[in-house]
Amino acid sequence: MEQAAEAKFRPAYEQLDDNDKQKMAKLENEYHQWTLDYYKAHPMLGFLFELDGRLKGFHFNDTGLAAMQYNDYDVHTIDGQQVRASEYYKDKLTLVICWASWCSPCIRDACDIIPIYNEYRNRGLNVFSLAHEFKSTDAMRKAVERHAFPWPCLVDLDDEFGVFRKHGTQNSALFLIDRDGTIIAVPNNVDELKAKLEEIFPITN
């Protein structure tokens with residue numbers, strides 16, 4: 001499904017102008033409708049995704065995030081160097097951004113996080129991103145350069161390391177990790193992330 005979505009939507013995404021919000025919204029709506037149609041044509045797949053989402057939601061609510069550790073894994077840098085993810089989050093309050101170059105909502109969220117990162121980076125917030133890409137990192141590299149993501153951008157190409165499966169997502173997700181490696185929040189959107197960071201970094205007079 002991810003490869004089909006990439007083949008269909010990547011060319012249109014690469015032609016978008018950053019300032020054309022109307023075309024961006026139209027493309028996002030087309031992607032959403034395409035996803036619904038894909039599930040209709042593959043009903044068992046849609047059912048499994050829904051079941052998987054419900055089970056994950058139950059798991060988080062049941063166990064509580066405070067007891068969960070963010071597990072380490074291998075991954076590649078955008079230049080192809082194999083590294084351990086812990087090099088990017090050990091002993092740091094870290095936000096992990098899961099995204100894909102062919103996922104326009106992922107791009108929008110990452111762009112919205114840039115000013116948040118700039119606001120909190122000097123107060124101790126560390127960020128890195130994980131891209132879910134196929135065949136090559138060309139589109140990822142273009143997106144990183146186009147939007148000037150200011151954090152390290154890592155990638156699992158063709159699911160070599162199964163990173164996104166380990167994160168329980170196909171593309172988009174946010175994980176906030178404490179300095180000891182504990183997951184302290186899995187925000188559903190940028191607004192929830194803002195609220196959590198305001199709680200961690202209260203405004204002082």
Any pair counted as disulfide (SG to SG under 2.5 Å), so long as it reaches residues 80-140, sequence neighbours left out: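 Passing the test, one end in residues 80-140: C103-C106.
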
Partner residues of E160 under the side chain to side chain contact (heavy atoms under 4.5 Å, CB included) criterion, sequence neighbours left out: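 For E160 the side chain to side chain contact (heavy atoms under 4.5 Å, CB included) partners, ignoring immediate neighbours, are H76, D156.
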
Who passes side chain to side chain contact (heavy atoms under 4.5 Å, CB included) against N188, sequence neighbours left out?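 Checked N188 against side chain to side chain contact (heavy atoms under 4.5 Å, CB included); matches are E192.
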
Kindly work out whether a path of hydrophobic side-chain contacts (I/L/V/M/F/W/Y, heavy atoms less than 4.5 Å apart) joins L193 to Y117.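 Same hydrophobic cluster.
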
Indicate if I116 and V144 have the same hydrophobic cluster label, given that clusters are the connected sets of ILVMFWY residues with side-chain heavy-atom separations under 4.5 angstrom.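 Linked, I116 and V144 end up in one cluster.
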
Test your reading of the model: is there a side-chain donor-acceptor pair from E133 to the backbone of S101, 3.5 Å cut-off?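 Yes: the side chain of E133 pairs with the backbone of S101.
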
Quick one: does any side-chain atom of T182 pair with a main-chain N or O of I184 as donor and acceptor, under 3.5 Å?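 No; judged by distance alone, with no hydrogens or angles, the pair does not exist.
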
Just wondering, are more than 12 heavy atoms of other shown residues or ligands nearer than 6.0 Å to NZ in K142?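 12 or below, so no.
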
From [X] [atom1] over to [Y] [atom2], what is the distance, rounded to the nearest 0.5 angstrom?
X    : Y    : atom1 : atom2 : result
Q69  : N71  : CD    : CG    : 8.0 Å
T137 : L154 : OG1   : CG    : 12.0 Å
L197 : E119 : CG    : CD    : 8.5 Å

In sequence, state the C-alpha distance, the side-chain angles, and the governing distance for I107 and W99, and then conclude on side-chain contact (heavy atoms from CB on, under 4.5 Å). CA-CA 7 Å; I107 298 288; W99 69 295; 3.4 Å; yes

Of all residues at least two apart in sequence or in a different chain, which pass the side-chain hydrogen bond (donor to acceptor under 3.5 Å, both in side chains) check with [X]?
X    : answer
N126 : T94
Y70  : Y73, H167
E199 : K196

I need the full list of salt bridge (charged side-chain N to carboxylate O under 4.0 Å, His left out) pairs touching residues 77-91, with sequence neighbours left out, sorted by first then second residue.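 Checked against salt bridge (charged side-chain N to carboxylate O under 4.0 Å, His left out) - neighbours excluded - the pairs reaching residues 77-91 are D72-R84, D74-R84, D79-R141.
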
With sequence neighbours left out, which residue pairs that include part of residues 171-182 fulfil the salt bridge (charged side-chain N to carboxylate O under 4.0 Å, His left out) condition?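 Applying salt bridge (charged side-chain N to carboxylate O under 4.0 Å, His left out) to every pair that reaches into residues 171-182, excluding sequence neighbours, yields nothing.
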
Can you tell if the side chain of [X] reaches within under 4.5 Å of the side chain of [Y], non-hydrogen atoms only?
X    : Y    : value
L95  : F128 : no
V155 : I78  : no
L174 : V186 : no
R121 : W151 : no

How far apart are the C-alpha atoms of L176 and I183, what are their side-chain angles, what is the distance that settles it, and do they pass the side-chain contact (heavy atoms from CB on, under 4.5 Å) test? CA-CA 6 Å; L176 193 59; I183 299 174; over 6 Å; no

Nearest heavy-atom pair of F201 and G124: which atoms, and what distance?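 Minimum heavy-atom contact is CZ-C, 4.4 Å.
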
Testing D109, L130, V127 for side-chain contact (heavy atoms from CB on, under 4.5 Å) with I97, which one passes?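 Testing each of D109, L130, V127 against I97, the sole residue satisfying side-chain contact (heavy atoms from CB on, under 4.5 Å) is V127.
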
Just say parallel, tilted or perpendicular for the rings of F134 and W102, cut-offs at 30° and 60°.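 Rings of F134 and W102: tilted, 30 to 60°.
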
Residues forming a ring pair (Phe, Tyr, Trp, His ring centres under 6.0 Å) with F164, sequence neighbours excluded: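 Partners of F164 under the ring pair (Phe, Tyr, Trp, His ring centres under 6.0 Å) test: H132.
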
